[in-house]
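These values consider heavy atoms only, across backbone and side chains, with no hydrogens, waters or symmetry-generated copies. Each chain gets a letter, A, B and so on, in the order its sequence line appears, and its residues count up from 1.
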Amino acid sequence: MKKELAKQYEPSEVEARIYQSWLEKDCFRAERTPGGKPYTIVIPPPNVTGQLHMGHALDETLQDILIRWRRMQGYDTLWLPGVDHAAISTEAKIVAEMAQEGLTKEDIGYEKFMERAWRWKEKYGGRILAQLRALGSSCDWSRERFTMDEGCSRAVREVFYNLYQKGLIYRGERIINWCPCCQTSLSDAEVEHEDREGAFWHIRYPFAQGDGFILVATTRPETMLGDTAVAVHPEDGRYAAQVGRMLRLPLTDREIPLVADAYVETDFGTGAVKITPAHDPNDFEVGRRHGLPVRNVMTEDGHMNENAGIYAGMDRYECRKAVVAALEAQGLLLKTEPTRHAVGVCYRCRTVVEPRVSLQWFVKMQPLAVPAIAAVREGTIRFVPERFEKNYLRWMENLRDWCISRQIWWGHRIPVWYCDSCGAQICAKEDPAGCPHCGAALRQDPDTLDTWFSSALWPFSTLGWPEKTSDLDYFYPTSTLVTGYDIITFWVSRMIFSGLEHTGRAPFSTVLVHGLIRDAQGRKMSKSMGNGIDPLDIIAQYGTDALRFALATGNSPGNDMRFSEEKVAASRNFANKLWNAARFLLMHLPADGAVAPLPETLALEDADAWILSRQNTLVREVTESLEAFELGIAAQKLYDFLWDEFCDWYIELSKPRLQGGGEAAGQALAVLVFVFGRTLQLLHPFMPFLTEEIWGSLPRAQGGAHGSIMLSRWPEYDESRCFPVQEARLQAVMGAIRAVRNRRSEMNVPPSRRAKLFIETAQPEIYAAAAVFFQRLAGASAVELAGGGAAPPKDAVRIVCGGATISIPLGELVDLAAERARLEKELAGTEKQLNGIRAKLGSEGFLSKAPAQVVQAQRENAAQLEEKAAALRETLRAL
RNA sequence: GGACGUUUAGCUCAGUUGGUAGAGCAUUCGCUUGACGUGCGAAGGGUCAGCGGUUCGAGUCCGUUAACGUCCACCA
């Protein structure tokens, strides 16, 4: 039956209903088919800290496009959703929330805090999943996971245990990055570098015995309280004689040695470096080599400790000022040189990180990095675009051991227990009841794991690993990983070495990397700047499909993209355009809603053959673009085809037949429905709701009822539907129509003024068949074809285009002198073009070296231009 | 200090095996055209950042310069 559609597309009315219907029909559930082809994507799990932003919207849209396309192609698709516990970030948010109530973690204790954290996870995790659904994401919700759920936690234990047993996880005292604000250690990847204003203080360290001093320079004078030596280069002549002497450390009563170490560069600063093993990674190494004591002078919250003497209790920056002032007072500060230098800051709270000696857990990276490098080098894993491989490789090749312990509560506890009575250290997959050696009670390590430790396992932990589940067997390794370039080091790299180490296989074959979404001014969207845009607001205003299409179009992989509402509005207009095309088709549907079968090839009119042929090409191009991960190009091609070729041309060309009724109308309608339906299928991955809604209102396809478009079969290129001859004929007709419109417009001929067209051409049959199109689309009252020597009318405008010369008798509007001038100008332009091509065709190099196809095309081009020039000359003579 | 990216119409950006430049928005002109004014038709607008090279031919490949941006880097 015919269905009436509203004049404008109202996304809010259809989206929820359609999403619900997909859920009811269980369309998203991944099935394992014996002998089937799996296609798997695991979602980059959004943090439970908040809500989705535009970057997520882009990420999810790209994944959904791939998944929906592969599903239609007949793959067993699995898009596995879930969220990440985001250890430090989430804990920081909860702590901040508690602070508003005047509470601290310690106030409420571990148990209560964890209860609170889980409540947080339920609340925000749920919100994020709702947002994912609003985006139209076709995730298999029955397989939803969380990085701290039972299964993922088991995988974490298993991995920790295995690495521990292999000696790839160890505990040790090392210099780590410490965030005094979050009060936890950080991995190298979690430290960002920012240029900040600072100073280079030159300080005198007097010799303990006798006169003289050594001048050292530092940017962190407060750490001098922890100095245990000064180092110079062994071959530095300036100091050679002094090495081994003792220095009096200013502001303290300690004496420290002057040592020689090749790490020092003679030509930087003063050539003498104060050595603070507890607060600098290099100094730590120097200290080791020389057996220097490690003297920690700071507390975990960035204050000075009891080792700092009178400065104990001061904030580290207060202390810096005090130390500088004291040195100055004692005449030991030689100079203060302002400088801008990079300091490490915490990636979550941007507090300046303090290098600090601390007992932490580490993953030994070297053995894990080797195969992870090889996998990318050898092409087992491919990055799109390719350039990100360099990024990845550089990082992988320069890895230091990964500090994985965090001094926070929200996260996976480290599965290691200590026996205080016999000193045993036990790592176990299951919580041990007591010490296996002496039976005493055990104490579990209080630390938790880096949040990325669990997300590194995401591609297989979510499929059931370490169990050998059917899902793991069928859907792993996953196919494509879609993510922003900002987390390649944090996440992608760690998934790669984890997958290789624990499953023996690369976790995915392709990494599709996208850029960041910026605001209209090109700034990064952020909460603090208040320039973030909530995807849900945009969806409410323009619809999900419009947002998705805007995000998928007009950018290339890996490049940042500015978000502009205008672009979404343009996509909304596109949706509305299609909606109205659908209305048009339905309007012409017979009462019983039946559509004739597609006409036999021989019965096709030129216009039908043209649009079928063009659509067939579109199928190939869109499919190829998707295969190559060129989603933006695919979307652009769909937009151009649907708006220009289908709506603006084919629909207009079909109107005479539709309005004429009868068999011709049925044939036109059959082609319209076929082409439109087939193209909607191609568009479905990009605009799932609109296409589903229209699909549901279109008459059933030949051969019976159809169900959801999302489960329909992806169109395939059909050799038998290529009609190059008809394409060329239509191209000539369209070109002529455009040329007539152009002339009329230039001359300000009102559309109401119709005029006869007199056409001289060597191919009259093309134009005769198109007479009705000239009448409808080019303001023609009638079309007369030259034949039998009929002369073109006087007082006419002449148009030379394609293979025809068209005269439009416009009587008093025609200024013959102006016509002559215009035609002469056109002739000059044509000849100029022609000369260019002739020069090319006359060149030996071109003829011998250019491919035959190109030469042939130029020859045809030249022939056409010659024909045009001749026609122009002829027209001018007759004028 | 390295590496990478960007530089194409007024604005935002496409342009993938090198073959005579495209879209959206904006601008100008015209239109109650029986799907759509969230529309239709037409127009203007680019020495594809500069220089050099390879090539019959370069926005596209190579080198180099400049501006902007990003990532990496323990020079105290």
With sequence neighbours left out, what residues match Glu566(A) under side chain to side chain contact (heavy atoms under 4.5 Å, CB included)?
Ser564(A)

Under the ring-ring contact (aromatic ring centres under 6.0 Å, His included) rule, collect the residues that match up with Phe646(A), sequence neighbours excluded.
Phe676(A)

Scan Arg738(A) against the nucleic acid and name what it touches under 4.0 Å (heavy atoms): base, sugar-phosphate only, or nothing.
sugar-phosphate

Closest-nucleotide 5' rank along RNA chain B - winner of Pro557(A) and Asp640(A)
Pro557(A)

Using the C1' atom in both, what is the distance from G59(B) to A9(B), to the nearest Å?
14 Å

With no hydrogens and no angle check, is any side-chain donor or acceptor of Asn398(A) less than 3.5 Å from a backbone partner on Arg394(A)?
yes

Closest approach to the side chain of Phe584(A), judged atom by atom: which nucleotide of A35(B), C29(B), C71(B) is it?
A35(B)

Salt bridge (Lys or Arg N to Asp or Glu O under 4.0 Å) partners of Glu746(A), counting only residues at least two apart
Arg743(A)

Give one of base, sugar-phosphate or nothing for Glu285(A), where a contact means two heavy atoms less than 4.0 Å apart.
nothing

NA contact type, Leu516(A), heavy-atom cut-off 4.0 Å: base, sugar-phosphate, or nothing?
nothing

Distance check, C1' atoms only: U12(B) and U7(B), in whole angstrom units.
14 Å

Of the listed A42(B), C31(B), A76(B), the closest approach to the Pro751(A) side chain comes from C31(B)

Where the side chain of Asn742(A) is concerned, which of A42(B), A3(B), A73(B) is the nearest nucleotide?
A42(B)

P spacing across the pair A23(B) / G44(B), given as an integer number of angstrom
12 Å

Is a side-chain donor or acceptor of Thr276(A) paired with a backbone partner of His279(A) at a separation under 3.5 angstrom?
no

Extract the stems that RNA chain B is part of, considering only consecutive pairing runs of at least three Watson-Crick or G-U wobble pairs, both distances under 3.5 Å.
B:1-7 with B:66-72, B:10-13 with B:22-25, B:27-31 with B:39-43, B:49-53 with B:61-65

All N/O contacts under 3.5 Å from nucleotides 18-21 of chain B to the protein, with atom names and distances to one decimal?
unit_1 : atom_1 : unit_2    : atom_2 : d
U20(B) : O4     : Asn861(A) : ND2    : 3.1

Applying salt bridge (Lys or Arg N to Asp or Glu O under 4.0 Å) to Lys567(A) and not counting sequence neighbours gives none

Suppose we screen for ring-ring contact (aromatic ring centres under 6.0 Å, His included). Which residues come up paired with Phe383(A), at least two apart in sequence or across chains?
Tyr392(A)

Gap in Å between the two P atoms, one belonging to U38(B) and one to C25(B), rounded
12 Å

List for me each residue that meets salt bridge (Lys or Arg N to Asp or Glu O under 4.0 Å) alongside Asp227(A), sequence neighbours excluded, and say none if there are none.
Lys274(A)

Can you tell me how far NE2 of His193(A) sits from OH of Tyr347(A), rounded to the nearest 0.5 angstrom?
14.5 Å

Salt bridge Glu354(A)-Arg356(A), side-chain N to carboxylate O under 4.0 Å:
no

Given protein heavy atoms under 4.0 Å, the one-letter contact record of nucleotides 5-14 of chain B, with B base, S sugar-phosphate only and - none, is simply S------SSS

Taking 4.0 angstrom as the limit, do Glu652(A) and Arg776(A) come out as a salt bridge?
no

Does anything in residues 223-233 of chain A come within less than 4.0 Å of RNA chain B? Heavy atoms only, and list the residues if so.
none

Distance, rounded to the nearest Å, where Leu589(A) contributes CG and A35(B) contributes C1'
14 Å

What interatomic distance, in whole Å, is found between P of G53(B) and the corresponding atom of G5(B)?
24 Å

Length of the line joining Trp491(A):CH2 and C71(B):P, which is rounded to integer Å:
20 Å

For Trp643(A), answer base if it contacts any base atom (sugar-phosphate contacts may also be present), sugar-phosphate if it contacts only those atoms, and nothing otherwise; contact means non-hydrogen atoms under 4.0 Å.
sugar-phosphate

Closest of U38(B), G24(B), G34(B) to the Gln659(A) side chain is G34(B)

Pick base, sugar-phosphate or nothing for Asn282(A), based on heavy-atom distances below 4.0 Å to the nucleic acid.
base

Separation of Arg394(A) atom CZ from C72(B) atom C1', in whole Å?
4 Å

Considering only heavy atoms and no angle criterion, is a donor-acceptor pair shorter than 3.5 Å present between the side chain of Lys7(A) and the base of C36(B)?
no

Phosphate-side-chain proximity, Lys577(A) and C40(B), N/O vs OP1/OP2 below 4.0 Å
yes

Within 45 degrees of the ring normal and closer than 6.0 Å to the centroid, is that where the cationic atom of Arg220(A) sits relative to Trp201(A)?
no

Check this for me, if you would: do Arg400(A) and Asp188(A) make a salt bridge, where the nitrogen-to-carboxylate-oxygen distance has to be below 4.0 angstrom?
yes

For a quick check of understanding: with a heavy-atom distance under 4.0 Å over all strands, which category does Phe388(A) fall into, base, sugar-phosphate or nothing?
nothing

Taken in chain and number order and not counting sequence neighbours, the residues that satisfy side chain to side chain contact (heavy atoms under 4.5 Å, CB included) with Asp195(A) are Arg340(A), Ala342(A)

If you check every side-chain atom of Tyr263(A), which of G24(B), C74(B), A35(B) has the closest atom?
C74(B)

Using atom CG of Leu669(A) as one end and atom C1' of A35(B) as the other, report the distance to the nearest whole Å.
13 Å

Among all residues two or more places apart in sequence or in another chain, which pass the ring-ring contact (aromatic ring centres under 6.0 Å, His included) test with Phe388(A)?
Tyr485(A)

Between atom CG in Asp486(A) and atom C1' in G69(B), what is the gap in whole Å?
15 Å

Nearest-nucleotide wise, let me know which of Ala217(A) and Ile651(A) is further upstream toward the 5' end of RNA chain B.
Ile651(A)

